[in-house]
*Asks:* 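A single structure is presented below for examination.
To find a chain, count down the sequence lines: A is the first, B the second, and so on, and within it residues start at 1.
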Amino acid sequence: MAQIAKIAIENAVYAIDKPYDYLVPEDMTVCAGMRVTVPFGRGNRRSEGMVLSVQEGAMDRPLKAVETVLDREAQLSAEQIRLALWMCQRYFCTFYDALHAILPIGLWYQHKELWHLKREPEGELPEKEQVLVSLLREKDRELSQLLEAQPKAKAMLQKLEQQGIVSCARASNRRVSDKTDWRVAFAITSQEAEELTRDKMRRAPRQGAALSFLLKNGETSLHDLIYYTGVQRKWVMKMGEEGVFSLCEQEIFRVPLRPAQEKAPQIQLNDEQQAAYNDILAQIHSGKPGVTLLQGVTGSGKTEVYITLAQKLLQEGRTAMILVPEIALTPQMMQRFSLYFGEDVALLHSGLGIAQRYDQYKRIRQGLVKIVLGTRSAVFAPIDNLGMIVLDEEQEGSYESEKSPCYHARDIAKYRCAKEGAWLVLGSATPTVETAYHAREGNYRLTLLRRRFNQNALPGVSLVDMRQELRQGNYTSISHPLYEEIQKNLELGQQTILFLNRRGNSRQVICPGCGYVPQCPRCSVSLTYHSANRRMMCHYCGYSERFEADCPQCGEAFRPVGSGTQRVEQELQELFPGVPILRMDADSVGVQHEKMLQKFDKEKIPILLGTQMVAKGLDFDNVTLVGVLAADQSLYVDNYRAAERTFVLLTQVVGRAGRGDKPGRALIQTYTPENEVLRDAARQDYESFYRREIGLRHMRREPPFTDVTVLTVSGSNEEFVRRSCMQLRDGLCAAMMQPEYRDMGLEVLGPAPAPVVKVNGRFRYRITVVGRCSGPVRRLLAAFMKDFAQRSENRNMSIFAEYNRMN
DNA sequence: AGCACGCCGACT
DNA sequence: GTCGGCGTGCTC
């Protein structure tokens with residue numbers, strides 16, 4: 001009998017990712033959740049691994065042994081191991097891919113191989129080995145350096161190591177270390193301490209100062225003692241050894257802690273909020289997992305419900321997690337939560353450095369945190385005793401990771417709630433059609449907040465027919481009705497937001513002479529202009545080239561196309577001469593973006609013109625008019641979510657008007673004013689939108705009535721990729737004719753080129769499987785992918801799968 | 001993926 | 001005869 005560990009291997013790709021058995025040496029202690037290093041593969045290359053379980057078992061075949069243990073304690077709980085295994089199935093990813101999503105970056109090791117020359121070789125070496133030896137003669141070198149000089153260095157080094165000429169030191173270092181400090185206190189009686197202080201004061205003033213500081217303040221951190229007295233660290237440690245001080249090591253968290261100094265105001269819920277609170281609390285108390293959709297218009301006070309629920313859970317000794325989308329909107333929320341929960345809340349937002357993030361993680365794991373407030377990745381916070389998870393603005397796209405594994409925070413939250421007996425609250429004014437469906441079918445509970453908290457009416461919204469404008473000879477992007485309204489606002493000294501419905505985060509250029517648009521040589525997309533470095537850049541592969549003002553083909557000067565905000569700005573300047581306009585687009589993103597919004601608010605600039613980035617964000621009291629310039633833009637794209645996106649976007653942007661005490665109004669300009677989605681958005685009628693949309697989804701076999709699974713094959717030879725795809729499709733079709741799949745209503749579509757066919761010189765084609773992606777179907781697809789990867793004709797091609805992606 | 005093994009052609 | 005080219009198959 002021997003100890004056998006099941007281990008997930010870091011270096012294993014999807015096709016070979018599974019638990020591998022390793023022997024645990026007699027003198028080694030490991031348990032599930034610890035990381036180890038193991039030899040892996042024919043060349044026994046050293047890889048990191050995660051121990052999934054350890055069992056006593058008979059060695060019925062030769063096993064390799066675990067090399068080193070990297071962790072002193074388990075970094076993953078049994079619960080987290082289960083979650084990672086589930087993610088592997090749900091997102092068709094490797095175990096380590098899942099781990100990278102679950103654990104903070106600060107926890108990961110960087111593995112290094114440092115090679116050293118032990119002795120001079122006797123006799124002649126082959127020329128290439130000689131090169132390595134002379135490199136090592138200068139100094140010890142890292143493997144990566146040696147590989148640069150000699151591509152086949154690995155085999156040579158192994159040979160030289162066997163001959164005893166070189167040796168290798170392997171080190172595994174963490175990105176972030178655990179920060180500790182010492183607590184210093186007297187280990188002697190106070191009389192002795194006073195005596196010693198008087199004695200030292202005369203001979204060694206700094207040491208005396210330190211002693212009297214300790215006398216006055218009692219137990220102190222070493223950091224503070226040094227800071228306030230200038231005493232030497234070495235001396236304090238010496239005093240510790242001599243038994244004058246007692247020293248004990250203490251973990252330091254590099255997290256800005258905000259104790260709740262002010263008394264947070266008591267929240268008074270209105271009757272609607274109270275009803276929502278009561279219902280959700282009753283569900284939490286039932287102990288059964290489940291979901292509530294808290295559907296309330298903006299300003300109906302969902303946050304108050306979250307806070308009071310969290311307060312209640314805190315009282316009951318349970319914990320809560322509140323997730324918010326990755327937008328600039330969160331600072332207010334974070335302020336409120338630290339006001340109410342002080343040190344009990346851990347804030348996990350994108351502004352944290354890796355050390356801070358890691359320390360928050362540790363605080364949570366140690367049970368020092370009762371409430372977690374954060375963005376997408378916070379859903380993995382290792383918090384125990386969870387009573388509730390809230391996903392605010394459930395429909396937001398930022399809840400889905402764009403890196404593999406492309407997990408959706410809602411899925412993970414649902415999984416955790418189910419396993420941990422917690423309740424999931426989805427908050428939204430305009431929920432996704434799937435969520436609304438589940439709520440209306442009774443799979444989720446539905447709670448409505450109809451009233452706006454400050455009793456403000458929703459803005460009055462009307463549609464403007466732009467065809468009419470064309471007939472009247474108005475070819476600008478500002479219609480007559482919108483012009484009138486802007487004029488009115490200017491006279492009243494109130495502000496206007498104009499919204500151009502384009503994905504305007506980039507600027508393209510075109511040659512007006514020959515129509516030439518600079519393209520990325522590696523991808524099938526056009527390059528975009530960046531004013532900061534005056535370069536043309538590719539957003540897919542990072543390629544860039546210097547911007548030439550003139551077209552290389554015909555010599556005419558390039559002109560910007562892009563989002564068109566410049567053109568609209570020009571038109572506005574002609575229509576309203578002398579009126580200041582703030583334009584927000586590609587040139588103003590990131591930090592600038594927030595500053596500009598502040599400027600707009602503070603300086604009361606009359607008109608703000610921008611693309612999608614102005615739809616979200618802060619509330620402005622003085623904005624009473626919103627104009628949507630091209631509502632149709634996001635509506636007619638080939639995506640089953642287009643209608644939903646447009647509705648959500650328009651509702652959001654229209655809601656920007658009339659946030660203060662003045663009533664707001666909005667105009668939506670469109671070439672298709674008869675379009676029902678636009679009419680619903682104008683009426684702010686979610687129910688009507690939902691009823692029509694769910695009917696269409698049912699008819700067209702789209703989520704929530706089915707799952708859409710996309711398999712993507714990529715490779716540098718377009719013809720090979722297409723052929724492999726076709727083979728794969730035929731295989732899948734044949735498999736789906738088998739009796740166990742025949743009645744599942746599965747459909748295989750494609751292959752079709754991906755929306756951007758070529759990225760980084762690789763062509764991408766997709767096969768779509770429509771139909772419930774149940775366990776057996778997932779296993780079938782996984783088997784197909786593994787088979788695909790192992791076929792030699794697919795050598796230079798890769799494949800991945802994802803299902804029900806939102807974005 | 002990454003690495004060894006193995007089987008063929010260009011050199012000492 | 002041997003060095004090194006790439007095709008093939010496995011990873012506890």
*Asks:* Round to the nearest Å and state the distance from A:Asn44 atom CG to B:dC5 atom P.
*Replies:*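 So the CG-P distance, A:Asn44 to B:dC5, works out to 11 Å.
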*Asks:* Assign each of A:Met797 and A:Arg42 to its nearest nucleotide of DNA chain B by heavy atoms, then name whichever residue's nucleotide is nearer the 5' end.
*Replies:*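 It is A:Met797, whose closest nucleotide lies nearer the 5' terminus.
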*Asks:* Between P on B:dA4 and CE on A:Met156, what's the gap in Å once rounded to a whole number?
*Replies:*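 Those two atoms, CE and P, are 12 Å apart.
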*Asks:* Measure from CZ on A:Arg45 to C1' on C:dT11 and round the result to the nearest Å.
*Replies:*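 Result: 8 Å.
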*Asks:* Can a salt bridge be assigned to the pair A:Glu402 and A:Arg376 using a cut-off of 4.0 Å between side-chain N and carboxylate O?
*Replies:*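 The answer is yes: the pair qualifies as a salt bridge.
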*Asks:* Does A:Asp411 come within less than 4.0 Å of A:Arg90, counting only side-chain N to carboxylate O?
*Replies:*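 Result for this pair is yes, salt bridge flagged.
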*Asks:* Among C:dT11, C:dC12, C:dG9, which is the nearest nucleotide to the side chain of A:Arg61?
*Replies:*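 So the nucleotide nearest the side chain must be C:dC12.
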*Asks:* Base, sugar-phosphate or nothing for A:Lys6? Non-hydrogen atoms, less than 4.0 Å.
*Replies:*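 Answer is nothing: A:Lys6 stays at 4.0 Å or more from every strand.
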*Asks:* Expressed in angstrom and rounded to an integer, what is the separation of A:Leu63 atom CG from C:dT11 atom P?
*Replies:*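 Spelled out: CG on A:Leu63 to P on C:dT11 is 12 Å.
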*Asks:* Side chain of A:Val13 only, please: which of C:dC12, C:dT8, B:dA1 is the nearest?
*Replies:*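 Side chain of A:Val13 sits closest to B:dA1.
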*Asks:* From CZ of A:Arg46 over to P of B:dG2, roughly how many Å is that when rounded to an integer?
*Replies:*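 For the pair A:Arg46 CZ and B:dG2 P, the rounded distance is 17 Å.
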*Asks:* For A:Phe40 and B:dA4, give me the distance from atom CZ to atom C1', rounded to whole Å.
*Replies:*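 The distance from CZ of A:Phe40 to C1' of B:dA4 comes to 14 Å, rounded to the nearest Å.
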*Asks:* On DNA chain C, compare the nucleotides closest to A:Arg795 and A:Ala65; which residue's is nearer the 5' end?
*Replies:*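 The residue whose closest nucleotide sits nearer the 5' end is A:Arg795.
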*Asks:* Taking the side chain of A:Asp21 as its heavy atoms from C-beta onward, which of B:dG2, C:dC12, B:dA4 lies nearest to it?
*Replies:*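 Nearest listed nucleotide: C:dC12.
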*Asks:* Is there a side-chain hydrogen bond (donor to acceptor under 3.5 Å, both in side chains) between A:Arg174 and A:Tyr358? Walk through the geometry before answering.
*Replies:* CA-CA 11 Å; A:Arg174 284 252 304 277; A:Tyr358 172 59; 2.5 Å; yes
*Asks:* Describe, in one word, how the ring planes of A:Trp108 and A:Tyr96 are oriented to each other, choosing from parallel (under 30°), tilted (30 to 60°) and perpendicular (over 60°).
*Replies:*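 The rings of A:Trp108 and A:Tyr96 sit tilted, inter-plane angle from 30° to 60°.
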*Asks:* Consider the side chain of A:Lys64, meaning its heavy atoms from C-beta on, and name the nucleotide among C:dT11, B:dC5, C:dC12 that approaches it most closely.
*Replies:*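 My answer, after comparing the listed nucleotides, is C:dC12.
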*Asks:* Figure out the CG/P separation between A:Asn794 and C:dT8, and round it to whole Å.
*Replies:*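 Those two atoms, CG and P, are 13 Å apart.
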*Asks:* Given C:dC12, C:dC10, B:dA1, which nucleotide is nearest the side-chain atoms of A:Ile16?
*Replies:*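 The nucleotide sitting nearest to the side chain is B:dA1.
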*Asks:* In terms of side-chain heavy atoms of A:Ser792, which of C:dC12, C:dT8, B:dA1 is nearest?
*Replies:*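 Looking only at heavy atoms from C-beta outward on A:Ser792, the closest nucleotide is C:dT8.
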*Asks:* Any ion pair linking A:Arg701 and A:Glu747 (charged N to carboxylate O, less than 4.0 Å)?
*Replies:*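 Counted as a salt bridge, because a side-chain N and a carboxylate O are separated by less than 4.0 Å.
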*Asks:* Between C1' on C:dC12 and CD on A:Glu10, what's the gap in Å once rounded to a whole number?
*Replies:*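 Going from CD in A:Glu10 over to C1' in C:dC12 covers 17 Å.
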